[in-house]
Amino acid sequence: MAPGAIARRVERAEAEALDQKDTLAPYRSQFPGADAGAIYLDGNSLGRPSTSVVDALAAAVRDWSENLVGGWARWMDLPAAVGDRIGRLIGAGPGQVVVGDSTTVNLYKLASAALAARGARRVIVADADDFPTDRYVLQGLAGETGRELRLVQGSPTEGLDPDVVEAAIDGDTALVCLSHVNFRSGARADLPAITEAAHRRGALVLWDLCHSAGALPVGLDEAEADLAVGCTYKYLNAGPGSPAFAYVRRELQASLRQPVWGWFGQRDQFAMGPAYDPEAGMARFLTGTPSVLGLLAVDAATQTIESAGIAALWAKSERLTALLVDLVADRLQPLGATLASPTDVARRGAHVSVAHPLAWPWCHALVERGLVVGDFRPPDVIRLGPAPLYTRFVDAFDAVERMAEVLEGGVAEVGERPPVT
C-alpha cells in the first residue's frame, strides 16, 4: 500500500462470497485434517498430504512386500516419467526433467556443469537475499573453481529489478543463478527478461523454482530457460523430504557433464562397465538409486495438481494473496505490522509476508495457542502461504483476525528460538 493511502475495510462476507464461487473448493475434501485444528497457512513450507498420496504410499508398501526386487521392473523409469509430469506443471516439454536427490544436490550438479561448460568465464551472479542453500552451494563452487561470486541486492520487499541483474552480467559471466520467487518476501523475479539478458551476454541461467512449482505458471520452454531445480514438498504436496527435480533444456543436455557420476546416469547401467559413459539425454543428470517411495508420492501428488490445472491454481492464489494484502493493511498495519511482500500481483508469488518487530514471539504465540500456523523468517517476518487446493478465503480472513487479536492482547518476548521455526 502506498504511503498515506487509506486501507479498505474487508468484511468476512467478502471471503464467504469468494468461497461460494471457488471452482477448486471440492479439492479441500481430498486433504484430511483441513477442517481441524489451527488455520494452516504454511503450504509454502510443507504442503498437506492428499488422500491420493496416502493411498499411493500404502499401495507401494504392499507392492514392495509382495514383489520385493521384482518391483524394479516398474520402478526404474520413475525418475523420468514423474519428471515429465512435473515438466507439464512448469512449462517444460518431455525429456527435460528428472526427479531425484535434493534441491541442494541438484543445484550443485547443474551449477557445476554450467560452470564447466562456460570454460574460462569467471563470474557467478546470484542474489544476496536468496535462500541460504543456494548461496552456500555457489560460495563453495566459487571457492573450488577460483571464480568470483557477484551478489546483487534487491529490495527486501519488492525483490530484484531485472535492470539491477542485467547490470551485473558482463562478458565474463558464466552463470546467473536466482530464485523465481524469493523465499522470504514472495517477490517474483522476471524470469523471461533476466534469462534473455543473460543469454545476450553468453551466460547460462539456473532458476530455483522451490516457491513456484505447483503454485504459478513458470514457462521454462517459452522463456528458453537453460536450467532449473526445485523441491516437491511445498506446493506439490509430496511429503517432507520428498525428492527434488532438475530441468535441463534439451539443446544443452548432450554438452553438459555433471560432476556426480553414478550408475543411474550410466549408459547400459547393468553392464557394470569399468568406465563412466553417461546417458545421452536427461538421464545423465541422475546419480544413485532413486527413492521409489518418494517418487510414487510425487507422482500421486502431482496428478492432483494436474487435474486442478496450474492456471486455476494461480488464479485462486492471486485472489487469496490479494485478500491477505488488503487484510494486512486493514487489520494489522494499525497495530504496527507492515506488508513485507509486493503489493503488485505481477511482482508477487503465492505467499504473503508480514513484518513486525516482535514477529518471532507473535508467530510463536499463534502456533502455541493453536490459532494460525505460519512460519517465522529472520529478522522480523511471518510468512503466510495459502495453498489454493485446500485453503479457503474465510481461512485467510479468520487467520488475520486471529493474528490481530493476539497483537491487540500483547505479545511478550519468549525464550531462545528453537532450531525449526
Side-chain angles (χ1 to χ4, degrees), residues 43-47 49 53 56-57 75 77-92 95-114 126 130-138 140-141 177-183 191 205-216 218 220 225-249 253 256 258-260 262 264-265 282-303 305-306 349-350 385:
N44 59 311
S45 187
L46 180 64
V53 171
L57 287 174
W75 301 331
D77 296 330
L78 282 174
V82 180
D84 283 347
R85 191 180 295 281
I86 289 179
R88 293 194 287 273
L89 301 177
I90 58 177
Q96 298 178 104
V97 179
V98 289
V99 182
D101 297 316
S102 67
T103 303
T104 304
V105 171
N106 285 334
L107 188 80
Y108 173 80
K109 290 192 294 187
L110 297 194
S112 180
D130 211 340
F131 190 73
T133 207
D134 297 45
R135 291 184 282 108
Y136 301 160
V137 166
L138 297 174
L141 281 170
C177 184
L178 302 170
S179 283
H180 187 205
V181 174
N182 182 268
F183 81 102
L191 186 152
V205 187
L206 169 53
W207 289 100
D208 181 334
L209 305 181
C210 284
H211 284 274
S212 45
L216 59 141
V218 178
L220 291 177
D226 301 311
L227 311 162
V229 297
C231 67
T232 61
Y233 48 77
K234 299 182 189 297
Y235 295 104
L236 291 175
N237 307 315
S242 54
F245 63 87
Y247 161 90
V248 179
R249 179 158 51 91
Q253 290 172 14
L256 295 186
Q258 61 103 347
V260 186
F264 261 74
M282 194 62 202
R284 66 170 46 202
F285 297 94
L286 295 172
T287 51
T289 305
S291 168
V292 170
L293 297 183
L295 279 162
L296 291 171
V298 176
D299 190 44
T302 49
Q303 286 184 57
I305 301 288
E306 257 196 303

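Residue numbers start at 1 and run along the sequence shown. Because the structure is a prediction, the values reported are computed rather than measured.
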Minimum-distance pair of heavy atoms, taken over all atoms of Val98 and Ala80 | CG1-CA, 4.5 Å
In terms of heavy-atom contacts, Cys177 and Leu138 come closest through CB-CD1, 3.8 Å
Can you find a pair of side-chain heavy atoms, one from Pro240 and one from Leu46, that are under 4.5 Å apart?
-> yes
Side chain to side chain contact (heavy atoms under 4.5 Å, CB included) between Val53 and Asn237, worked out | CA-CA 9 Å; Val53 171; Asn237 307 315; 5.8 Å; no
Rounded to the nearest 0.5 Å, what's the gap from CG on Leu89 to OG on Ser212? Could you check?
-> 11.5 Å
Quick one: are Val99 and Leu78 in side-chain contact, heavy atoms under 4.5 Å?
-> no
Leu216 side, atom CG; His180 side, atom NE2 - distance, nearest 0.5 Å = 5.5 Å
Close side-chain approach of Val298 to Leu236, heavy-atom, < 4.5 Å = no
Write down the atom of Tyr247, the atom of Asp226, and the distance for their closest heavy-atom approach.
-> CE2-O, 3.6 Å
Heavy-atom side-chain proximity of Thr232 to Val82 below 4.5 angstrom = no
Ile305 and Tyr235 have their tightest heavy-atom pair at CD1-O, 3.5 Å
Under 3.5 Å, is there a donor-acceptor pair between the side chain of Gln258 and the main chain of Leu286?
-> yes
Should Ile90 and Phe245 count as side-chain neighbours, where that means a heavy-atom distance under 4.5 Å?
-> yes
Side chain Arg284, main chain Gly265, donor-acceptor under 3.5 Å | no
Cys210 side chain near Lys234 side chain, heavy-atom distance below 4.5 Å | yes
Closest non-hydrogen contact found for Pro290 with Leu295 is CB-CD1, 3.6 Å
Between Thr287 and Asp101, is any pair of side-chain heavy atoms under 4.5 Å apart?
-> yes
From CG (Asp208) to CG (Asp134), nearest 0.5 Å | 4.5 Å
If you take all heavy atoms of Asn106 and Gly100, which pair is closest and at what distance?
-> ND2-O, 3.0 Å
Gln253 side chain to Gly95 main-chain N or O, any donor-acceptor pair under 3.5 Å?
-> yes
Value for OH (Tyr108) from OG (Ser102), rounded to nearest 0.5 Å, stands at 13.0 Å
Measure from the side-chain N and O atoms of Ser112 to the backbone N and O of Lys109, and report whether any donor-acceptor pair falls under 3.5 Å.
-> no
Between Arg135 (side chain) and Asp130 (backbone), is there a donor-acceptor pair under 3.5 Å?
-> yes
Considering only heavy atoms from C-beta outward, does the side chain of Trp207 approach that of Leu178 to under 4.5 Å?
-> yes
